[in-house]
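Basis for what follows: all heavy atoms, side chains included, without hydrogens, waters or symmetry-related copies.
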Number of protein chains: 2
Amino acid sequence: MTRVEKGRDLARKGEHHHKREDPAEVLNRYIARHGLKATRQRTLIFETFYAAGGHLSAEELLERVRLEDPKISQATVYRTLRLLTECGLAEARNFGDGQTRYEIASDEHHDHLICTECGRIEEFEDPEIEALQEKVARAHGFEMTYHKMELYGVCPECRSK
Amino acid sequence: MTRVEKGRDLARKGEHHHKREDPAEVLNRYIARHGLKATRQRTLIFETFYAAGGHLSAEELLERVRLEDPKISQATVYRTLRLLTECGLAEARNFGDGQTRYEIASDEHHDHLICTECGRIEEFEDPEIEALQEKVARAHGFEMTYHKMELYGVCPECRSK
DNA sequence: GTAGATGCAAAAGCTTTGCATGGGT
DNA sequence: ACCCATGCAAAGCTTTTGCATCTAC
């Protein structure tokens, strides 16, 4: 069960529109402003999360972090993920498999394509669909604030097997 | 191992036009065909679920069922919900509030509009959006099997407050 | 009578929390 | 030195399961 890494894709995508602030700096500023502390564990978890490109569950992140430091506790991973979420660097998602997965927060909204065979997750955005969603919401009298959309199917690699 | 939601095996695709078979009969046939038994508890849970119109969590359903029979066990509600799901009468959804909610399965696919103020859930379908979703999936080389889409916002009633 | 269903409580899986200790600032 | 962060284990929540008993067939 190999999850595809997409760190570079994300980085490239980010350059299209705005220049994102350095995540490490965002984190450090948040820590400083709130009287928190920059610890070895936080740095490691933060870097591992970013290196993985997101879409990780707490358990998967813990596993990776422990390759570097086997003594990191589960609780610290959960607490750090909450911290990253609070300072806007990560976003919690849940794809109905019972675990929360976290992704790197991006300036642009995007939705997901998920392979039901291998679990691979790809991101996409489609302004045309978004426009129609707005339209549907308005037709029902709703003022839409956000949405979630996931397309499930079989990815090219799994199809060719 | 992906624990992605089980595919929808919507029986009787041929019967369009909202003409659904009597759910009670579907259930009874399923029970008969599989050597199961029609018990008082199953009937009660099934009827309560339908009477409520769906979108219930197991806990909420248990609560309602206990108004009628306070001795119904939680486990029986969960087991019955699984049964209803297996025979295609119910569908499990999860809207990210940590609980699985079940809805009455319908022949037609639909998505949801959810009010972030009062929790109200409305259903809709939009063929135009569905077509675009297919298109996006194909563009990524995916063969789409199903999707989920939820629009969150404020409903007319809550807006006017 | 027999296989399946129920109720209860225990267990399981994910996440959070209490507490004593360790470590940034 | 202060107080936040960590690690560990225990507790919380939702859902599942083992088991003795009951019940539909």
Side-chain angles (χ1 to χ4, degrees), chain A residues 24 27-46 48-49 55-63 65-66 68-87 90-102, chain B residues 1-6 24 27-46 48-49 55-63 65-66 68-87 90-102:
Chain A
L27 179 57
N28 286 332
R29 197 171 54 234
Y30 186 90
I31 283 178
R33 283 234 204 92
H34 291 73
L36 309 181
K37 289 168 185 171
T39 63
R40 180 176 48 81
Q41 290 91 332
R42 278 183 180 159
T43 306
L44 173 58
I45 293 168
F46 161 78
T48 305
F49 176 65
H55 295 135
L56 294 169
S57 65
E59 194 185 6
E60 290 165 344
L61 182 53
L62 176 64
E63 196 183 312
V65 154
R66 280 190 170 163
E68 199 65 33
D69 177 351
K71 298 179 58 187
I72 297 279
S73 121
Q74 189 186 48
T76 300
V77 168
Y78 276 104
R79 289 189 274 232
T80 303
L81 281 170
R82 188 199 296 163
L83 172 63
L84 293 180
T85 302
E86 280 165 8
C87 66
E91 274 177 68
R93 289 258 175 189
N94 95 316
F95 297 115
D97 61 348
Q99 299 195 145
T100 302
R101 312 192 86 81
Y102 294 82
Chain B
M1 165 179 43
T2 347
R3 281 187 290 162
V4 176
E5 219 141 285
K6 209 192 276 186
L27 178 58
N28 286 331
R29 197 171 54 233
Y30 186 91
I31 284 177
R33 283 235 204 92
H34 291 73
L36 309 180
K37 287 167 185 170
T39 64
R40 180 177 48 79
Q41 290 92 331
R42 279 185 178 156
T43 306
L44 173 59
I45 293 168
F46 160 79
T48 306
F49 175 65
H55 295 136
L56 294 171
S57 65
E59 195 185 6
E60 290 164 344
L61 182 52
L62 176 63
E63 197 182 312
V65 155
R66 279 190 171 163
E68 198 64 34
D69 176 353
K71 298 180 57 187
I72 295 280
S73 124
Q74 187 186 48
T76 300
V77 168
Y78 276 105
R79 289 189 274 233
T80 303
L81 280 169
R82 187 198 299 161
L83 172 64
L84 293 180
T85 302
E86 280 165 7
C87 67
E91 273 179 71
R93 289 257 174 190
N94 81 321
F95 296 116
D97 61 349
Q99 298 198 148
T100 302
R101 311 192 87 78
Y102 294 82

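Residues of residues 74-84 of chain A having a heavy atom closer than 4.0 Å to DNA chain D, listed by number: Ala75(A), Thr76(A), Arg79(A).
Within the structure, a side-chain polar atom (N or O) of Gln41(B) is placed less than 4.0 Å from OP1 or OP2 of dG7(C). In this model, the phosphate group of dC14(C) is not approached by any side-chain N or O of Ser57(A) to a distance below 4.0 Å at OP1 or OP2. Checking the phosphate oxygens (OP1, OP2) of dA5(D), a side-chain nitrogen or oxygen of Arg42(A) falls inside 4.0 Å.
Summarising the geometry, the separation between CG on Asp97(B) and P on dC13(D) is reported as 15 Å, rounded to the nearest angstrom. Look at CG on Leu36(B): it is 18 Å from P on dT23(D), rounded to the nearest Å. We find that CD1 of Ile31(A) is positioned 12 Å from P of dG24(C), with the value rounded to whole Å. Put simply, CZ on Phe46(B) is 16 Å from P on dA5(C), counting in whole angstrom units. Atom C1' of nucleotide dG7(C) and atom CD1 of Ile72(B) are separated by 10 Å, given to the nearest angstrom. The nearest whole Å value for the distance from the CZ atom in Phe95(B) to the C1' atom in dT14(D) is 17 Å. Going from atom CG of Leu56(B) over to atom P of dT14(D) covers 15 Å, rounded to whole Å. Going from atom NZ of Lys37(B) over to atom P of dT2(C) covers 12 Å, rounded to whole Å.
If you check every strand for non-hydrogen atoms under 4.0 Å, Thr100(A) touches sugar and phosphate atoms only.
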**OP:** Take Asp69(A) and Arg40(A) through the side-chain contact (heavy atoms from CB on, under 4.5 Å) test and state the conclusion after the steps.
**Re:** CA-CA 10 Å; Asp69(A) 177 351; Arg40(A) 180 176 48 81; 2.7 Å; yes
Original post:
Could you walk me through whether Glu86(A) and Tyr30(A) pass the side-chain contact (heavy atoms from CB on, under 4.5 Å) check?
Top reply: CA-CA 9 Å; Glu86(A) 280 165 8; Tyr30(A) 186 90; 3.5 Å; yes
**OP:** Could you go through the side-chain contact (heavy atoms from CB on, under 4.5 Å) check for Leu36(B) and Arg42(B) one step at a time?
**Re:** CA-CA 11 Å; Leu36(B) 309 180; Arg42(B) 279 185 178 156; 3.9 Å; yes
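Within 6.0 Å of atom CD in Glu68(B), 12 or fewer heavy atoms from other residues, nucleotides or ligands are found, so the atom counts as exposed in its surroundings.
Nearest to the side-chain atoms of Ala58(B) among the listed nucleotides dT15(C), dT15(D), dC8(C) stands dT15(D).
Glu60(A) contributes a side-chain N or O that, together with a main-chain N or O of Ser57(A), makes up a donor-acceptor pair within less than 3.5 Å. In this structure, Arg66(A) contributes its side chain and Ser73(A) its backbone to no donor-acceptor pair below 3.5 Å.
Each of Arg40(B) and Ser73(A) was matched to the nucleotide of DNA chain D holding its nearest heavy atom; the match closer to the 5' end belongs to Ser73(A).
Of the residues listed (Thr39(B), Leu81(B), Thr76(B)), the one engaging Ile45(B) in a side-chain contact (heavy atoms from CB on, under 4.5 Å) is Thr76(B), and it is the only one.
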